[in-house]
Number of protein chains: 2
Amino acid sequence: MDNLSIDSLRQEMNEVNLTLLEMINKRARLVQQIGERKGKQGVDRFDPVREREMLNELIKHNNGPFKNTTITHIFKEIFKAGLELQEIDHQDALLV
Amino acid sequence: MDNLSIDSLRQEMNEVNLTLLEMINKRARLVQQIGERKGKQGVDRFDPVREREMLNELIKHNNGPFKNTTITHIFKEIFKAGLELQEIDHQDALLV
């Protein structure tokens, strides 16, 4: 065990949180860009085969400490949020 | 709009997924390290004030496209997974 204090660990966690925020939003922009190219509305953009492929890839690379079931759960929430974002985008487009 | 194809956007998304995986597990290790220092079992490690502070900081830095409510939802799932991990660690310690 190293000698890092709780304060310095929390500082490191704050930085990890902000990196996660940045990457989650970067992923959301990619979802939007892919959605625009596919030209379909939210509900049709759900691609279970592609989701399964991404989850398999993540599980293959998962070295913990989170278990595969936890990683799967968190990423499914991120995937779902991406789909919801596309539905909002589509609704906004209809209102323009 | 740029000329990136769906394939190249998906490739970029695969890379973002792996970075997210890495940062989520890095965060989990920090949770474990902080938990060890606090020396409490999982259920006592829930710190709603600290969670609120982290969420406020994330919302302050959120430039979208995800809304604050979505960011809050995703991070609450990540926080919850961290607490569950500590409970498992604690159970394992009891069994040693």
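By convention in this document, chain letters (A, B, ...) are assigned in the order of the sequence lines, proteins followed by strands, and residues within each chain are numbered from 1. All values below come from the heavy atoms of this structure, side chains included, with hydrogens, waters and symmetry mates left out.
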Checked B/E84, B/E22, B/M54 vs chain A; the most non-hydrogen pairs under 4.5 Å come from B/M54
Applying a strict 4.5 Å limit to non-hydrogen atoms, the region of A/L21 in contact with chain B is both
Under 4.5 Å to a heavy atom of chain A? For B/I71 that would be side chain
Scanning both residues in full, the closest heavy-atom pair of A/A28 with B/F66 reads CB-CE1, 3.5 Å
Answer key: most heavy-atom pairs under 4.5 Å with chain A among B/V31, B/L58, B/I78, B/T19 is B/L58
Chain B shares the most heavy-atom pairs under 4.5 Å, among A/T70, A/L85, A/N63, with A/L85
Correct closest heavy-atom pair for A/M23 and B/V16 would be O-CG1, 3.5 Å
Between A/I24 and B/F75, the two heavy atoms sitting closest are CD1-CE1, 4.0 Å
Margin query: Less than 4.5 Å apart, side chain to side chain, heavy atoms only: is that true for A/E57 and B/N14?
Written below: no
Bottom line for A/I74: the part with an atom under 4.5 Å from chain B's heavy atoms is side chain
When the 4.5 angstrom heavy-atom criterion is applied to A/Q32 and chain B, the contacting part is side chain
Checking side chain to side chain donor-acceptor pair (under 3.5 Å) for the pair B/N25/A/N62: CA distance, chi angles, key distance, verdict?
-> CA-CA 8 Å; B/N25 274 325; A/N62 181 31; 2.8 Å; yes
Interatomic distance, CG@B/L9 vs NZ@A/K38, rounded to 0.5 Å, equals 11.5 Å
CG of A/L20 to NZ of B/K26, rounded to nearest 0.5 Å, is 10.0 Å
Mind checking whether A/M13 and B/R50 have side chains closer than 4.5 Å, heavy atoms only? yes
From the list B/E77, B/R27, B/H61, B/R29, the residue making the most non-hydrogen contacts under 4.5 Å with chain A is B/R27
Taking every heavy atom of B/R37 against every heavy atom of A/S5, the minimum-distance pair comes out as CD-C, 4.4 Å
dist A/E12:CD -> B/L30:CG (nearest 0.5 Å) comes out at 4.5 Å
